[in-house]
Amino acid sequence: MPKIFEYFGIVFLFYSDEHLPIHLHAQYQEFESKLEFIFENGKLVDIKVKKVRGRMPLPSNKLSEALTFSKKYNHKIASKWNDFFVLRKTIKTERITKKIK
C-alpha cells in the first residue's frame with residue numbers, strides 16, 4: 001500500500017490491488033474517502049468522491065482540502081499511478097508543506 005503524498009495530516013495512498021479508473025484514498029485520522037479521477041483527452045474533468053466500506057468519510061473541511069490538493073496534483077497522481085501499477089516502480093512518499101489555496 002504505497003503512500004504517495006502527505007499534506008497537512010492527510011495521507012494519500014494507493015492500495016496494492018487497485019483497479020481503474022485512476023483513484024486514490026485520502027485518510028485523515030480514522031476517516032477515509034476515495035477520490036476517482038475522470039480524465040478526457042489527458043485533462044482532468046472531474047473528481048468523484050466515493051465512500052470506503054467500513055470507514056467514516058473525511059470531514060467536510062478535510063475533504064475540501066483533499067479535493068483542492070488532488071486537483072492541483074492530478075498529473076503527478078496519474079503519473080505515480082502509471083509508475084506503480086503499469087511500470088511496477090517503487091513510489092516514494094512526498095511531503096507537501098506549502099499550503100494550497
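Note that the structure is predicted; figures quoted are calculated from it, not measured. We number each residue from 1, following the sequence as shown.
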Inset, instruction - Check side-chain contact (heavy atoms from CB on, under 4.5 Å) between Arg53 and all other residues, then give those that pass, not counting sequence neighbours. - result: none
Inset, instruction - Hey, could you give me the CG/CZ distance between Asp83 and Phe14, rounded to the nearest 0.5 Å? - result: 9.0 Å
Legend entry - Met56 side, atom CE; Leu58 side, atom CG - distance, nearest 0.5 Å: 10.5 Å
Inset, instruction - May I ask you to decide if Ser60's main-chain N or O and Ser64's side chain share a donor-acceptor pair within less than 3.5 Å? - result: no
Inset, instruction - Identify whether Val49 and Phe31 are in the same connected component of the hydrophobic contact network (ILVMFWY, side-chain heavy atoms under 4.5 Å). - result: yes
Inset, instruction - Return the set of residues passing ring-ring contact (aromatic ring centres under 6.0 Å, His included) with Phe5 (not counting sequence neighbours), or none when no residue passes. - result: Phe69, Tyr73
Legend entry - salt bridge (charged side-chain N to carboxylate O under 4.0 Å, His left out) partners of residues 30-44, not counting sequence neighbours, each pair once: Glu32-Arg55, Lys34-Glu36
Inset, instruction - Treating Ile, Leu, Val, Met, Phe, Trp and Tyr as nodes and any side-chain heavy-atom pair under 4.5 angstrom as an edge, say whether Leu35 and Leu20 lie in one connected cluster. - result: yes
Legend entry - Sidechain-backbone polar pair: Ser33 side chain, Lys51 backbone, donor-acceptor under 3.5 Å: no
Inset, instruction - Provide the full list of salt bridge (charged side-chain N to carboxylate O under 4.0 Å, His left out) pairs with a residue in residues 59-69, sequence neighbours left out, each pair given once. - result: Lys62-Glu65, Glu65-Lys99
Inset, instruction - State, with a plain yes or no, whether a side-chain heavy atom of Lys89 is found less than 4.5 Å away from one of Lys80. - result: no
Inset, instruction - Would you kindly confirm whether Ile100 and Leu44 end up in one hydrophobic cluster when ILVMFWY residues are joined by side chain heavy atoms under 4.5 Å apart? - result: yes
Legend entry - CD1 on Ile10 to CD1 on Ile96, rounded to 0.5 Å: 12.0 Å
Inset, instruction - First locate atom NZ of Lys98, then atom OH of Tyr7, and finally report the distance between them rounded to the nearest 0.5 Å. - result: 10.5 Å
Inset, instruction - Can you tell me which residue pairs pass the salt bridge (charged side-chain N to carboxylate O under 4.0 Å, His left out) test with a partner in residues 3-15, sequence neighbours excluded? - result: Lys3-Glu6, Glu6-Arg95
Legend entry - Nearest-0.5 Å distance, CD1 of residue Ile22 to CZ of residue Phe37: 8.5 Å
Legend entry - Beyond-backbone contact of Lys50 with His23, side-chain heavy atoms, under 4.5 angstrom: no
Legend entry - Val86 reachable from Phe39 in the ILVMFWY side-chain graph, under 4.5 Å edges: no
Inset, instruction - Establish, yes or no, whether a centroid distance under 6.0 Å links the rings of Tyr15 and His25. - result: yes
Legend entry - Partner residues of Phe8 under the ring-ring contact (aromatic ring centres under 6.0 Å, His included) criterion, sequence neighbours left out: none
Legend entry - Gap separating the CG atom of Leu24 from the CG atom of Leu13, nearest 0.5 angstrom: 7.5 Å
Legend entry - Check: Ser79 main-chain N/O paired with Asn82 side-chain donor or acceptor under 3.5 Å: no
Inset, instruction - Tell me whether Phe84 is reachable from Ile4 by hopping between hydrophobic residues (I, L, V, M, F, W, Y) whose side-chain heavy atoms are closer than 4.5 Å. - result: yes
